[in-house]
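Encoded as structure tokens, the structure appears first; notes follow it.
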Amino acid sequence: MEHHGSGVELSVVVPAYNEESRLRPTLDAIAAYLRADPERWGEWELIVVDDGSTDSTAKIAQEAAAEEPRIHLVRADRGANRGKGDALRRGVLASYGRRVLVTDADLATPIEDLDRLDAQLAAGGQAAAIGSRAHPDSLIDVHQWRVREWLGRLGNGLIRAVAVPGIHDTQCGFKLFDGDRARAAFADSRLDGWGIDVEILRHFRREGWPVTEVPVRWSHQQGSKVRPLDYGKVLLELLRLRTRALRRADLLIVLGFVLVSAVLYQDLWADLDRGYLADAGQDQNQWEWFFRVTADNVVNLRNPLFTTLQGHPEGVNLMANTVMLGLSVPLTPVTLLLGPTFTWALVLTGGLAATAVAWYWLIARHLTAGRWAAAVGAAFAAFAPPMISHGNAHPNFLVLFMIPVIVDRALRLCEGRAVVRDGVLLGLFATYQIFLGEEPLLLATMGMVMFAIAYAAVRRDVARAAWRPLLRGTLIGLAVCLPLVAFPLGWQFFGPQSYTHVMHGSNTGNSPLAFMEFAGRSLWGSDERADPLAMNRTEQNAFFGWPVLALTAALVIRMWHLPLVKALTFTGLAAAFLSLGVRFRIPATDIVLTGPWRALANQPLLESVIESRVAMICAPVIGMLLALAVDRIAVTRPLALRAVGLLAVAAALLPVVPTPYPVREREPVPAFITEKMYRSYVAEGESVVTVPLPSPGGADALYWQSSTDLGFSVAGGYFNGPWGPDRVGIYGSTPRHTSNLFGDVRNTGQVPDIGPQWQEQAKADLAAWRAGVVVLPPQYNEQALYTTVERLLGRAGEKIGGVWVWDVGEPGGR
């Protein structure tokens with residue numbers, strides 16, 4: 001193609017692939033229209049891009065060019081069909097016009113509608129005017145097939161949500177651009193397929209070049225090359241585009257988070273068959289059982305909110321327990337194929353890394369310019385001592401990747417740009433988080449409210465502009481969320497085996513000393529110093545260490561002029577203060593003060609919260625302060641001062657660097673279970689009664705179930721269930737005299753005097769449990785337990801499959 005571009009006012013680019021039947025009428029119509037008003041359109045050119053056609057498309061274009069010298073043909077290299085994106089890129093980059101119109105070869109939008117687009121572009125302030133079939137003033141003369149049209153709308157909606165929010169029709173093939181900006185955008189483009197439209201519009205949006213949608217006439221043309229499934233291809237292209245757009249620093253940081261998570265759980269991954277997290281208590285048994293029973297409910301189309309496999313025969317309200325349906329349901333294939341221990345390790349490792357990535361994304365988006373500064377903040381938010389503590393046993397407090405996403409959506413609502421859309425997404429995100437963990441969502445909401453109050457106090461101008469869209473969007477979010485969770489929450493609070501609140505005991509607040517101390521799994525920590533300051537090793541909810549607190553205090557003083565720092569500081573201090581609980585003792589004194597949590601302790605929802613967990617809010621707060629500080633230190637001059645600042649941050653963080661989780665070897669499952677010998681003892685509706693019964697102190701029987709085929713139910717268990725007339729939540733099933741007796745003998749090794757009264761009580765309890773068999777596995781104080789069961793049942797047990805067995809089922813019941 002040879003032509004000179006000086007003085008060209010308008011370039012029209014037409015991509016063509018196998019268009020021999022309609023290309024010539026299209027070219028004639030465009031040329032006639034432009035010739036009819038030479039004063040308006042001035043010098044023009046019409047560029048046809050042959051995208052490797054196998055018919056007479058190129059020949060027809062050449063014939064038209066011979067008759068009209070302003071028509072030019074551009075052909076793909078080697079005659080290959082590369083796609084619409086490649087054709088448009090070649091055509092636009094070959095253009096010289098001050099304005100560039102791209103239009104499809106079928107002229108589904110008539111060329112006369114160029115008037116409307118040109119008028120919008122000429123009005124000033126716009127870089128592009130694009131035809132929009134979604135505009136309320138557009139006229140659709142000939143509709144597509146209804147299902148095709150519906151699929152197109154759905155695809156367009158997904159594209160908008162993923163790539164260009166606010167633009168309602170990205171795929172209409174009639175767009176007018178400022179020429180220089182169009183050539184810059186297409187030169188930067190990478191996609192060869194239908195996604196090119198979205199890529200160009202994203203480029204305009206990124207550069208701040210205004211785009212307006214213009215109503216057009218449109219008629220569906222037979223032989224259209226666009227198919228409904230092409231919208232899915234556009235989404236895939238955009239996914240590839242976003243992957244390519246990732247900065248090298250982003251990829252390195254994400255990979256770093258994954259590697260850190262893998263290193264922390266390396267010993268667990270090394271032996272999934274026998275490895276058990278040493279500090280997990282009985283929670284690993286419980287969580288593996290949660291994953292396995294959910295998978296079983298899903299594949300058998302049973303209610304995923306309830307089961308009688310534990311706590312037989314009353315059962316377990318799974319929604320009132322932390323089954324994490326948001327992960328356990330989609331991971332059902334993984335659980336069934338690779339086992340619940342694999343799912344457990346995957347959720348812990350992947351969830352921790354995903355949480356770090358989510359905080360990184362939020363901090364980089366809203367707080368810092370430097371990627372590595374955001375990485376430092378995100379690393380602390382995700383790998384802080386409280387998070388590592390919960391990583392022993394509580395994936396619902398470790399897998400928090402939705403919390404930064406929810407925070408981001410709330411911040412977008414404050415901007416007031418797309419309140420309805422952001423409100424709907426906020427509701428959907430909150431819904432999903434409820435199925436990941438309700439208590440983390442509650443704590444995150446507390447933190448967001450505290451931050452909002454503080455920020456509003458220091459930036460009243462921002463608060464005045466933000467409160468209306470934030471309130472409206474929140475109400476929209478509630479309107480979306482509540483109907484979706486109404487049934488599950490109704491089941492949780494009012495369904496079978498529901499409870500009112502959970503009793504956690506009195507030692508649930510943080511000691512002030514816990515904030516200064518190092519966690520047991522920190523580089524400078526020790527169990528001897530940490531254990532007395534926490535409920536257990538899975539609840540070390542403070543333990544930030546004095547160097548981090550000292551550094552944070554110094555950073556706050558240095559950056560106090562920033563409203564954001566003031567709000568973050570208030571949020572962190574308020575969370576730390578609330579986490580002290582109902583009462584706390586001033587260190588080194590006998591003075592006990594009423595804690596701030598007393599006012600909240602009996603409020604709905606909050607009454608079940610372990611108040612020391614409120615200190616977890618401090619982790620992202622400190623992380624954000626660190627990110628802000630590192631971002632400023634990174635540009636400090638001279639270099640010596642910068643080095644000192646970064647070394648100070650590193651020195652403060654080094655003591656709380658987490659160490660890998662220790663693992664112990666778990667007890668093997670008895671052959672009585674693995675070889676299914678129990679089947680001849682347990683009829684339908686009967687349970688296995690282990691000695692002692694599974695409980696928060698020992699729940700190996702849950703592993704017996706989850707590692708095999710869930711072929712039997714157990715009496716007792718480790719779960720949250722109701723107790724007493726007030727239905728107070730306790731850990732485990734309602735205790736009975738016989739279960740208490742087994743527990744006492746197991747702990748003391750002392751066999752009490754067993755008479756007729758105890759035997760009658762045991763008979764009644766076994767009937768209540770609908771017991772089919774009593775099983776005594778090898779364990780500490782086994783002989784004392786054997787003697788106790790023998791005297792209660794009045795007969796000796798049988799040694800079968802590595803365990804002692806007593807058949808107690810109803811005669812004729814199997």
Query raised in the report: Is there a donor-acceptor pair closer than 3.5 Å between any side-chain N or O of Q286 and the backbone N or O of D283?
Result: no
Requested in this report: Give a yes or no on whether the backbone of R791 and the side-chain of Q759 come within a donor-acceptor separation of less than 3.5 Å.
Outcome: yes
Query raised in the report: Does a donor on one side chain and an acceptor on the other come within less than 3.5 Å for Y499 and N317?
Result: no
Report summary line: Note: F518 and S522 closest approach over all heavy atoms is CB-CB, 4.5 Å
Query raised in the report: What pairs with H390 under ring pair (Phe, Tyr, Trp, His ring centres under 6.0 Å), at least two apart in sequence or on another chain?
Result: H394, F397
Report task. Please state whether the rings of W287 and F291 are parallel, tilted or perpendicular, taking 30° and 60° as the class boundaries. Result -> tilted
Query raised in the report: Can you name the closest pair of heavy atoms from G717 and P696 and give their distance?
Result: O-CD, 4.2 Å
Using residues 327-334 as the side-chain source, report each donor-acceptor pair under 3.5 Å to any protein atom, sequence neighbours left out, with the distance given to one decimal.
unit_1: S328; atom_1: OG; unit_2: V323; atom_2: O; d: 3.1
unit_1: S328; atom_1: OG; unit_2: M324; atom_2: O; d: 3.0
unit_1: T332; atom_1: OG1; unit_2: S328; atom_2: O; d: 3.3
unit_1: T332; atom_1: OG1; unit_2: V329; atom_2: O; d: 2.8

**Report entry** Pair E607-Q603, side-chain donor/acceptor within less than 3.5 Å
**Finding:** no
**Report entry** Distance-only polar pair, side chains of W806 and E798, donor-acceptor under 3.5 Å
**Finding:** no
Query raised in the report: Do Q433 side-chain atoms and G437 backbone N/O form a donor-acceptor pair below 3.5 Å?
Result: yes
Requested in this report: Before accepting this row, confirm whether a basic side-chain N of the pair D273/R666 lies closer than 4.0 Å to the acidic partner's carboxylate O.
Outcome: no
Requested in this report: Report yes or no: do D700 and N285 form a side-chain donor-acceptor pair below 3.5 Å?
Outcome: yes
Query raised in the report: So H737 and W758, would you call those rings parallel, tilted or perpendicular, with 30° and 60° as cut-offs?
Result: perpendicular
**Report entry** Test item: S261 side-chain N/O and A353 main-chain N/O as donor-acceptor pair under 3.5 Å
**Finding:** yes
Query - Pair R529 + E517, salt bridge at N-O below 4.0 Å - result: yes
Query raised in the report: Stepwise, does the side-chain contact (heavy atoms from CB on, under 4.5 Å) test hold for F306 with V316?
Result: CA-CA 6 Å; F306 187 76; V316 180; 5.8 Å; no
**Report entry** Point-to-point distance, once rounded to the nearest 0.5 Å, from CZ of R727 to NE2 of H501
**Finding:** 13.0 Å
Report task. Check W344, F342, Y661 against W269 for a ring pair (Phe, Tyr, Trp, His ring centres under 6.0 Å) and give me the one that passes. Result -> F342
Query raised in the report: Does any donor atom in the side chain of T343 or T335 lie under 3.5 Å from an acceptor atom in the other side chain?
Result: yes
Query raised in the report: Does the distance from a Lys or Arg side-chain N to an Asp or Glu carboxylate O, for R613 and E539, drop under 4.0 Å?
Result: yes
Query raised in the report: Just by distance, do the side chain of Q540 and the backbone of P386 share a donor-acceptor pair under 3.5 Å?
Result: no
Requested in this report: Using distance alone, with no hydrogens and no angle criterion, decide if T508 and E611 have a side-chain donor and acceptor under 3.5 Å apart.
Outcome: yes
Query raised in the report: Is the shortest distance from a Lys or Arg side-chain nitrogen in R274 or D267 to a carboxylate oxygen in the other one below 4.0 Å?
Result: no
Query raised in the report: Do the side chain of S389 and the main chain of R537 share a donor and acceptor less than 3.5 angstrom apart?
Result: yes
Query raised in the report: Between E684 and R770, does at least one N-O distance fall below 4.0 Å, as a salt bridge requires?
Result: no
Requested in this report: Tell me, with the steps shown, if D709 and R679 meet salt bridge (charged side-chain N to carboxylate O under 4.0 Å, His left out).
Outcome: CA-CA 12 Å; D709 60 357; R679 287 183 173 177; 3.3 Å; yes
Query raised in the report: Do D296 and N300 pass the side-chain hydrogen bond (donor to acceptor under 3.5 Å, both in side chains) test, and can you show the C-alpha distance, the side-chain angles, and the key distance before you say yes or no?
Result: CA-CA 6 Å; D296 186 66; N300 289 290; 3.0 Å; yes
**Report entry** Donor + acceptor pair across side chains of Q779, E667 (<3.5 Å)
**Finding:** no
Report task. Just do the side-chain hydrogen bond (donor to acceptor under 3.5 Å, both in side chains) check on T538 and N392 with the steps written out, would you? Result -> CA-CA 6 Å; T538 65; N392 283 297; over 6 Å; no
Report task. Could you tell me which non-hydrogen atom of T659 sits nearest to which non-hydrogen atom of L264, and how far apart they are? Result -> O-CD2, 3.5 Å
